[in-house]
Amino acid sequence: MAIEYFQIKERDYDLVEQLLKIDAAAYGDAALEIFDLVALLRHGRVYVAVEYDEVLGSVYFLRNFDDPDCAFLYSISIVDPEATPNLATSLLNIAFADMKSSGIKSVEVNVDPANYKALKTYRENLGFVASESMQSDLLGGDEILMLQKDL
């Protein structure tokens, strides 16, 4: 069976349970809680890659209230990136196509400048460009790089 890519809703209970487990494994104490996930499902967009009813990866988007034509890539999790090396790129491209058809014109994402793997994927595989760099007091003064992609 091939991998399926689609947007999920709150009523997909089994998938929601899997998303919570995947996020906990990926982010530990910083993982999404059920209330966060329900808010993202209701007010954002959540896309998944599924094979044989098992979630292989997920991506979360929020809409930018200051620029309603823009979505913010909140988080991405891939269960086994070694086994599915192009899954993140495929999942994001499916999500971008769907959002474009919904009127979204651009996507932004914040990246740690030291996360070379993410930077390479966003820039080389997905066509993001650097739009801003800022120091974050919330991160103890660490730098955050903002990337943007037109859809």
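Numbering starts at 1 and runs along the sequence shown.
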Review point. Would you say E108 and L147 make side-chain contact, with heavy atoms under 4.5 Å?
Key: no

Review point. If you look at every heavy atom in L91 and A49, which pair is closest and at what distance?
Key: CD1-N, 3.9 Å

Revision key, fill the gap. Note: A24 and A31 closest approach over all heavy atoms is CA-CB, 3.5 Å

**Study point:** Spatial distance of atom SG (C70) from atom NZ (K149) [nearest 0.5 Å]
**Key:** 13.0 Å

Exercise for review: Could you list all the side-chain hydrogen bond (donor to acceptor under 3.5 Å, both in side chains) pairs where at least one residue sits in residues 90-100, not counting sequence neighbours?
Suggested key: R45-D98, Y47-D98

Practice item. For the residue pair D23 and S75, establish whether any side-chain heavy-atom pair is separated by less than 4.5 Å. Key: yes

Revision key, fill the gap. For D112, the side-chain hydrogen bond (donor to acceptor under 3.5 Å, both in side chains) test, sequence neighbours excluded, returns none

Point to revise | Stepwise side-chain contact (heavy atoms from CB on, under 4.5 Å) check, E51 with L56 | key: CA-CA 7 Å; E51 185 175 46; L56 302 177; 3.7 Å; yes

Practice item. Taking all non-hydrogen atoms of both residues into account, name the closest pair between P113 and L119 and its distance. Key: O-CD1, 3.3 Å

Review point. Roughly how far apart are D67 CG and S106 OG, rounded to 0.5 Å?
Key: 5.5 Å

Revision key, fill the gap. Scanning both residues in full, the closest heavy-atom pair of G57 with I78 reads CA-CD1, 3.9 Å

Check your understanding: How many angstroms lie between OH in Y122 and NZ in K117, if you round to the nearest 0.5 Å?
Key -> 11.5 Å

Check your understanding: Can you name the nearest heavy-atom pair linking D69 to G103, along with the distance?
Key -> OD1-O, 4.1 Å

Review point. What's in the same ILVMFWY side-chain cluster as F65, cut-off under 4.5 Å, chained through other members?
Key: none

Study note, to complete from the structure: Note: I76 and A88 closest approach over all heavy atoms is CD1-CB, 3.9 Å

Check your understanding: Which one of L73, V109, L92, V107 satisfies the side-chain contact (heavy atoms from CB on, under 4.5 Å) criterion with L126?
Key -> L92

Check your understanding: Nearest 0.5 Å, what's the CG-CD distance between D53 and E4?
Key -> 8.0 Å

Point to revise | Nearest-0.5 Å distance, CE of residue M99 to NZ of residue K105 | key: 14.5 Å

Check your understanding: Taking the side chain as C-beta and beyond, is there a heavy-atom pair between N110 and M146 under 4.5 Å?
Key -> yes

Check your understanding: Other hydrophobic cluster members with L41, side-chain heavy atoms of Ile/Leu/Val/Met/Phe/Trp/Tyr under 4.5 Å, chained?
Key -> F6, I8, L15, V16, L19, L20, I22, L32, I34, F35, L37, V38, L40, V46, V48, V50, V55, Y60, L62, F72, Y74, V79

**Study point:** Pairwise side-chain contact, R63 with I104, heavy-atom cut-off 4.5 Å (strictly under)
**Key:** yes

**Study point:** Results of side-chain hydrogen bond (donor to acceptor under 3.5 Å, both in side chains) for D14 - residues two or more places apart only
**Key:** Q18

Revision key, fill the gap. Sorted by chain and number, sequence neighbours left out, side-chain contact (heavy atoms from CB on, under 4.5 Å) with N125 holds for T89, T121

Exercise for review: May I ask you to test the L87-Y5 pair for a side-chain heavy-atom distance under 4.5 Å?
Suggested key: yes

